[in-house]
Amino acid sequence: MPKYLIIAEKPEAARRISEALDSKAKPKKIGRVVPSFVVKNGDCEIIVTTALGHLYELTTTISDRTIYPVLDYKWVPKHTVERNKRLEEWLEEMGKIGSGVDYYVNACDYDIEGSLIGYNVLRFLYGVSDYRRVFRMKLSTLTNREIQEAFKRMSPGLDLGLVKAGETRHIIDFLYGINLSRALTRSVLRFLRTPYVLSVGRVQTPTLNILVEREIAIETFIPDPYWVLRAEIVINGETHEALYEVEKVQSLSEVKRLVEEASSKKAFVEKVERRFEKISVPEPFDLTTLQREAYRVFGFTPSRTLSIAETLYLNALISYPRTSSQKLPPDIGYREILEKLSENSSYTKAVEKILSRGVLNPKQGRKDDPAHPAIYPTGEWKEELNSDQLKLLDLVTKRFLATFEEDAEKVICRNILRIGNVRFIMKGSMITKKGWLEVYSPYYSPEEKTIPLLKEGDILTVKKIIVEEKFTNPPRRYNPASLLREMEKLGIGTKATRSEIIETLYKRRYIIGKSISVTELGFSIVSTLRRFSPKILSAEMTRMVESDMEKIESGLIEEEKVVDAAKRELIEILREVGNREVDVGKHLSNSIITILRNRNVIGKCPVCGKGDLKIIVSRKTGKRFGICTNVFRNRCMLTIPLPQNPNKVYATDKTCSSCGWPIVKVVTRKRPWYLCVNPSCPGKTNPPKKSA
DNA sequence: GCAAGGTC
């Protein structure tokens, strides 16, 4: 009886695979830390075990983080790098579970990383060198039927092309990231009392550069004036507005001419137009779309959305969230999910309506993912969900229901008026068919505007013509959600890592604020790299790595060649930076000193308006309080009490909605809360308790 | 206390 070991990428996959392959759908669970299963399937015995994402990672023997170049690297168990007891036990038990089998099956996600995760387990944990004992199973939706088919049709050997491509990607990112980070970090050492960690990477640095370019576009923006013309029209005793047919008038002389030509007191209704427009059913959620929508609807940051979605997934309430697919294949079992959802009274009516139409044909989006379908609810329900989880689950559920619905429709009405020689337009719109908007409520409701019903040939009274001067606006700053979208557009980062990378930029203090601004340090990092390694600033590096990976995958170029070329280039860059170390260090450390100085600034002083309100700790008493920097110059008097240790107080970019004073974040042993620093704030319904 | 990529 041949014995197989199937290796999944994650516990959920191992569970699904073992249930699908067991003839009685009751696999026997083994393993204390690693969810693993013994499966009976015909005349073979199968053990299903699982990795936990990457179990191995690259490291270097040069552990001092101020020494470079680092050109040596090797794969080591992940737990040896970050001292993770759980991963250590995981690897140990996984090794035992897989000993003594005849065949190994890599059933990790069918993509580059999945191929590499399985490969590393095979070579490092099980010491497999004979690829005749190895198979690759190709899975995407993890439904019973698909898993059974994939097991029958698994291919012999491994997808070594994908593996090598993946390994090269890891090496290139590692070498560039570690070396450039160390070079910059080292340069500032001699100028600072305590070390400050700087980082550079193939994804984070181009992302920072996007923000710098936007910042420059905003700073150099010159507003242009333009004029808007409106006519106030009296209809049945009520005043209504019509806009000049050209939205923006570019010159003042043109405005004067128009006003003269429109000097008549009568408006003729020249035409009444009615046009119907479809509002299409939205695509199913992939992770990025979900993150964007949750930001729009709830104000959740992308990383918060991912972490909530993760919890929902681990509670089996939604499908796998780290997907870039917008497709809902029939395999997931539409009807069963819908029927389960209908048990929840909030969705009963919507489901009944969908089922009553007979055919279940959800909208499919454009984007795809080799390893997962779009995000959908499983139909399960749990009592103990917090409000964030409830919100996100409701959003995912309603989006899923919406994809089975019909397009909505609106009518756009335009009353075209002529005043003298000039045409003005009164525009309104109304939803005429709710379609999917009904189940997706309250998450999307297009604006509606009613206008009076007129007939062609009607004559109306003009009350007056209003001219308003306006100015063009600079480009908007990015927020975490729009930045995420831009990264996706440029193809940098992956669905699972983009939000983390944005967090890294905040953590390093390269950027600040919800409406993102680049700090002086962020600018300095970019200008330094522009001098020494412009390639890492652009998305071009990602494209090059990708094209090299494709060549490696199809055997057009060898892994070693790509790595050697990268090393040579890197050595050159590092030599240049090394030669200019003092120069570079001075530039960067100046920005760091500014950041450290501003770190305790909680906002502008609300009393004198000139100084900064700062958190300081008294040398004498050890007490924490807030003080305006102008107090030291005898130009202000403001000092304010703040919570004391063991609580911590951090600056935020928020201000109080009732008094406009700065708001600080207070981190207690229990949970963080936000405090307006104004001791006599009128909005304070619950004054904070005095801490001991 | 360094990257980006998996996953809890």
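Convention: sequence-line order gives letters A, B, ...; per-chain numbering from 1.
- Ring geometry for His170(A) versus His54(A): interplanar angle over 60°, hence perpendicular rather than tilted (30 to 60°).
- For Lys10(A) and dC8(B), the NZ to C1' distance is 12 Å, given to the nearest whole Å.
- Note: CD1 (Ile492(A)) to C1' (dG5(B)) measures 15 Å, nearest angstrom.
- With the nearest nucleotide of DNA chain B identified for both Arg508(A) and Tyr313(A), Arg508(A) has the one nearer the 5' end.
- Between the C1' atom of dG1(B) and the CG atom of Leu189(A) lies a distance of 11 Å, rounded to the nearest Å.
- Contacts of Leu58(A) with the nucleic acid, taken as non-hydrogen atoms under 4.0 Å apart, include base atoms.
- Not one side-chain nitrogen or oxygen of Arg186(A) sits closer than 4.0 Å to the OP1 or OP2 atom of dG1(B).
- At dT7(B), one or more side-chain N or O atoms of Arg322(A) fall inside 4.0 Å of OP1 or OP2 (strictly under the cut-off).
- Residue Ile67(A) contributes atom CD1, which lies 19 Å from atom P of dG1(B) at whole-angstrom precision.
- You'll find that the side chain of Ser199(A) is closest to dA3(B), out of dA3(B), dG5(B), dC8(B).
- Look at CD1 on Ile178(A): it is 14 Å from P on dG5(B), rounded to the nearest Å.
- Side-chain proximity of Ser181(A) to the nucleotides dT7(B), dA3(B), dG1(B) is greatest for dA3(B).
- Between the C1' atom of dC8(B) and the CG atom of Leu52(A) lies a distance of 6 Å, rounded to the nearest Å.
- If you take CD on Glu569(A) and NZ on Lys535(A), they are separated by 3.5 Å, rounding to the nearest 0.5 Å.
- For Val203(A), the listed nucleotide lying nearest its side chain is dG5(B); candidates were dG6(B), dT7(B), dG5(B).
- Between Glu12(A) and Thr59(A), it is Thr59(A) whose nearest contact on DNA chain B lies nearer the 5' terminus.
- A donor-acceptor contact under 3.5 angstrom links the side chains of Ser591(A) and Ser524(A), judged on distance only.
- For Thr497(A), no side-chain nitrogen or oxygen approaches OP1 or OP2 of dA4(B) to under 4.0 Å.
- If you check dC2(B), dA3(B), dC8(B) against the side chain of Glu57(A), the one that comes closest is dA3(B).
- In the set dC8(B), dG5(B), dC2(B), dG5(B) carries the atom at the smallest distance from any side-chain atom of Thr494(A).
- Nearest to the side-chain atoms of Val197(A) among the listed nucleotides dG1(B), dT7(B), dC8(B) stands dG1(B).
- Residue Thr504(A) has its side chain nearest to dA3(B) when only dA3(B), dT7(B), dG1(B) are considered.
- In this structure, Asp369(A) atom CG and dG5(B) atom P are separated by 14 Å, rounded to whole Å.
- Between Phe135(A) and Tyr4(A), the two ring planes are tilted [angle within 30° to 60°].
- Residue-level contact check: Val70(A) touches neither bases nor backbone, having no heavy atom under 4.0 Å from any strand.
- Taking atom CG of Leu175(A) as the reference point, atom P of dA3(B) lies 14 Å away to the nearest angstrom.
- Between Tyr376(A) and Phe400(A), the angle of the ring planes lies from 30° to 60°, which puts this pair in the tilted group.
- Base contact: Arg182(A) has a heavy atom under 4.0 Å from a base atom.
- Within 4.0 Å of Lys78(A), counting heavy atoms only, lies at least one base atom of the nucleic acid.
- Remark: side-chain polar atoms of Thr378(A) are paired, donor with acceptor, to backbone N or O of Leu317(A) under 3.5 angstrom.
- Residue Glu500(A) has its side chain nearest to dT7(B) when only dA4(B), dG6(B), dT7(B) are considered.
- Heavy atoms from other residues, nucleotides or ligands lying under 6.0 Å from CZ of Arg485(A) number 12 at most.
- For Asp173(A), whose side chain is taken as the heavy atoms from C-beta onward, the closest listed nucleotide among dA4(B), dT7(B), dG6(B) is dA4(B).
- At a threshold of 4.0 angstrom between heavy atoms, the contacts of Asp109(A) are confined to the sugar-phosphate backbone, with no base atom among them.
- Phosphate proximity of dA3(B) to Arg169(A): absent, as no side-chain N or O sits under 4.0 Å from OP1 or OP2.
- Looking at heavy-atom distances under 4.0 Å, Gly493(A) makes contact with sugar-phosphate atoms alone, never a base.
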